[in-house]
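By convention in this document, chain letters (A, B, ...) are assigned in the order of the sequence lines, proteins followed by strands, and residues within each chain are numbered from 1.
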Number of protein chains: 2
Amino acid sequence: MAVREPRGRGGRRPTLEQVAERAGVGRGTVSRVINGSPRVSEHTRALVEAAVAELGYVPNTAARALAANRTDAIALVVPEPERRFFAEPYFSDIVHGVGLALAETEVQLLLTFAGGDRERRRLAQYLGAQRVDGVLLVSVHAGDPLPDLVDQLGVPAVLSGRRSADERLPSVDSDNFGGGRAAVGHLLDRGRRTIALITGPLDVYGARRRHEGCLAALAAAGRPVDPELVAEGDFTEEGGRRAMAELLARRPDLDAVFAGSDVMAGGARLVLRGAGRRIPQDVALVGYDDSVIARHLEPALTSVRQPIVEMGREMTRLLLEEIAERAGGRPARGAGERRRLVLPTELVVRDSS
Amino acid sequence: MAVREPRGRGGRRPTLEQVAERAGVGRGTVSRVINGSPRVSEHTRALVEAAVAELGYVPNTAARALAANRTDAIALVVPEPERRFFAEPYFSDIVHGVGLALAETEVQLLLTFAGGDRERRRLAQYLGAQRVDGVLLVSVHAGDPLPDLVDQLGVPAVLSGRRSADERLPSVDSDNFGGGRAAVGHLLDRGRRTIALITGPLDVYGARRRHEGCLAALAAAGRPVDPELVAEGDFTEEGGRRAMAELLARRPDLDAVFAGSDVMAGGARLVLRGAGRRIPQDVALVGYDDSVIARHLEPALTSVRQPIVEMGREMTRLLLEEIAERAGGRPARGAGERRRLVLPTELVVRDSS
DNA sequence: CATCACGGTGGGAGCGCTCCCAACGTATCG
DNA sequence: CGATACGTTGGGAGCGCTCCCACCGTGATG
């Protein structure tokens with residue numbers, strides 16, 4: 001008498017026990033074969049593998065998760081509304097990179113949106129339910145409590161970017177400093193003398209580092225930094241326009257502009273055009289992110305590329321390491337020994353400079 | 001002596017048993033409260049809820065899945081490489097709709113890409129492992145074996161679109177016939193007399209229905225269908241260009257074009273421009289999908305909109321119903337009684353017609 | 001020839017939950 | 001007042017797996 005209905009027409013799926021019986025071995029042995037333990041004789045292994053194939057056995061994830069206290073799944077947590085996620089190529093590349101790192105493994109990727117307040121509360125529940133072995137946190141803003149919450153829950157996590165220089169959590173960042181320096185260095189190489197800087201919001205760590213890179217390039221060339229040539233934007237096009245207008249008013253003689261993002265560069269471009277400046281003849285323009293915008297702008301925008309796919313891959317690698325380590329019973333690392341990675345950025349020169 | 005290390009610094013999470021003890025009740029009672037059973041007295045319920053809150057109890061998903069034989073998770077299976085998924089707004093809207101339908105429930109969404117052959121094999125494994133209660137299959141091509149595979153595995157599934165008129169699986173489609181009819185009807189209303197049709201690949205069910213809708217509109221207006229005015233495209237821009245060139249060569253007197261997708265309409269537009277035809281003065285142009293392209297084209301493209309968000313929501317609703325039904329022990333429905341839904345399309349008139 | 005080591009193996013004891021049945025009141029009825 | 005009913009409740013029996021310990025046989029060792 002079947003107590004519960006087998007699911008669907010596929011019928012009940014075979015269990016470890018049945019495979020063991022079929023192969024004429026014990027449960028433990030089958031388990032060892034399934035999990036690739038070396039402590040099984042060649043002969044027995046073949047026997048078991050045959051039985052597995054005949055029965056079409058697939059281990060039940062829930063049972064495994066319960067017994068082994070791991071899920072073989074990680075979550076990519078996006079603290080943004082879905083819309084933005086899909087709109088930005090950044091995320092697409094991250095997911096791609098994560099997929100590459102996961103391809104070799106049996107680990108499953110879950111996508112979780114935590115845009116609203118309500119979703120965030122649910123996320124905490126979710127992580128508490130031990131549905132995943134760890135999380136990748138992308139697009140984390142400075143001051144966001146989410147990373148700390150995750151950390152407190154004892155869930156392994158890796159961030160993309162950092163919230164500050166001494167980020168407590170494992171993170172993968174790109175070399176914002178180097179990117180900013182390369183951009184301004186390039187403008188100097190091109191013989192530009194009066195270089196204006198439109199920064200991102202300076203309380204965002206990445207934006208500040210970019211700016212510091214710019215200053216370093218100027219310093220290395222023995223140029224003084226003129227505060228009149230610096231304006232802060234907010235990563236929006238509107239912000240870029242405002243900053244550019246300001247700069248142009250203060251220093252009509254500027255012959256180059258570095259903007260901390262392509263979007264802001266797009267705004268700056270509009271203002272420059274409006275003022276009758278030709279790009280790049282009168283004013284050279286360089287952006288940051290190497291987004292689609294960069295290629296589609298007229299003229300095509302020189303920009304600093306971040307290796308986003310690579311970042312996704314590295315984040316995943318770090319996370320898997322972290323998970324493996326904790327599972328090994330070793331205590332979680334202190335803040336000091338947490339993994340951190342900074343990947344190189346690259347200047348892509350196009351027509352605007 | 002702890003045999004296994006508690007995970008991370010969060011320490012071991014409380015279990016049902018501990019909640020029961022704290023509340024001074026039995027395990028069964030706590031379970032009933034957690035699952036919202038009505039067979040619990042108000043007093044006891046309050047007791048248990050207090051204990052749950054104090055201990056910060058969250059049920060362990062794996063244990064629940066194992067015992068109850070359900071996972072409270074569904075997968076959105078995308079049989080495409082990741083790139084395309086992110087590139088097309090279609091998917092973004094589907095995900096959005098799915099999210100809406102899931103918001104009320106405790107069901108989790110998993111995103112799975114099955115672009116390559118290898119991924120497909122893994123998907124089968126995955127579904128066999130009973131990781132999800134059901135799947136949403138989007139962007140299924142005619143002749144794709146994936147849906148049948150899923151069905152054979154006994155996993156509840158819902159398709160977006162259909163593979164044929166008598167699709168065996170539950171599906172949510174949009175009214176392609178009505179969309180095609182509306183588009184051509186609109187052109188007739190505008191007084192166009194010589195309407196050319198660029199169809200999608202006619203072995204794709206949706207494309208064929210669109211085309212049939214066009215023919216119906218012409219028939220309703222008492223217009224004969226001139227085979228010279230029909231050309232088959234392949235949903236690409238290049239295909240649209242080729243078809244348009246052909247049509248223009250055969251019938252230079254055409255004064256309107258309906259293309260089975262916005263992308264093909266974009267290709268057609270280039271050829272029309274090249275031939276010196278003004279849109280819409282000389283030739284009216286209508287597309288299909290109402291994608292971003294439509295709004296950004298010059299002139300803005302009249303197009304047929306599908307309610308994609310709604311489709312995502314309805315797919316999810318159907319799937320959840322299907323799952324609930326099967327869990328109830330009722331046998332899976334035969335092909336005849338499977339759920340099917342067709343949502344209305346809508347013509348969005350812009351400047352090109 | 002007894003002893004030891006070790007690769008290989010079987011199977012008990014859980015993991016934390018749901019399901020269900022038996023048992024407990026207490027209220028209702030004849 | 002005993003019998004019946006019903007709303008509640010406790011807890012046993014698993015779900016299918018991993019982990020680990022005990023045990024087997026073999027070959028090497030003293």
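- Checking side-chain atoms of B/Asp133 against main-chain N and O of B/Arg70 turns up no donor-acceptor pair under 3.5 Å.
- Position along DNA chain C of the nearest nucleotide to A/Arg27 versus A/Glu42 favours A/Glu42 as the more 5'-ward residue.
- Put simply, B/Thr29 has no side-chain N or O that comes within less than 4.0 Å of OP1 or OP2 on D/dT9.
- Distance from the side chain of B/Ala67 is smallest to C/dT18 among D/dT18, D/dT9, C/dT18.
- Contact annotation: A/Ser31 side-chain N/O to D/dC19 OP1/OP2 distance is not under 4.0 Å.
- Look at CG on A/Leu16: it is 13 Å from P on D/dC15, rounded to the nearest Å.
- Heavy atoms of A/Arg64 sit under 4.0 angstrom from primed sugar atoms or phosphate atoms, though from no base atom.
- Protein atom CD1 of B/Ile34 is 8 Å distant from nucleotide atom P of C/dT18, rounded to whole Å.
- Taking atom NE2 on A/His43 and atom P on C/dG8, their separation rounds to 13 Å, with Å as the unit.
- Put simply, the side chain of B/Pro156 does not reach to within 4.5 Å of the side chain of B/Val135, judged on heavy atoms.
- Put simply, CZ on B/Arg70 is 17 Å from C1' on D/dG16, counting in whole angstrom units.
- Looking only at distances, a side-chain donor or acceptor of B/Thr105 sits under 3.5 Å from a matching main-chain atom of B/Val107.
- The side chain of B/Ala68 lies closest to C/dC19, out of C/dC20, C/dC19, C/dG16.
- Under a 3.5 Å cut-off, the side chain of B/Thr316 and the backbone N or O of B/Gly312 do form a donor-acceptor pair.
- Side-chain proximity of A/Arg32 to the nucleotides C/dG8, D/dT18, C/dG11 is greatest for C/dG11.
- For B/Asn60 and C/dG14, the CG to P distance is 18 Å, given to the nearest whole Å.
- Closest to the side chain of A/Tyr57, from the set C/dT9, C/dC17, D/dC17, is D/dC17.
- To the nearest angstrom, P of D/dC21 lies 12 Å from CZ of A/Arg39.
- Residue B/Gly26 is the one, among B/Gly26 and B/Ala63, whose nearest nucleotide of DNA chain D lies closer to the 5' end (criterion: closest heavy atom).
- Between the P atom of D/dG10 and the CG atom of B/Leu47 lies a distance of 10 Å, rounded to the nearest Å.
- Listed candidates were D/dG11, D/dC17, D/dC15. Nearest to the side chain of B/Leu66 is D/dC15.
- Residues B/Ala103 and A/Arg122 share a closest heavy-atom pair of O-NH1, 3.0 Å.
- One can place CG of A/Asn69 at 21 Å from P of C/dA13, the figure rounded to the nearest angstrom.
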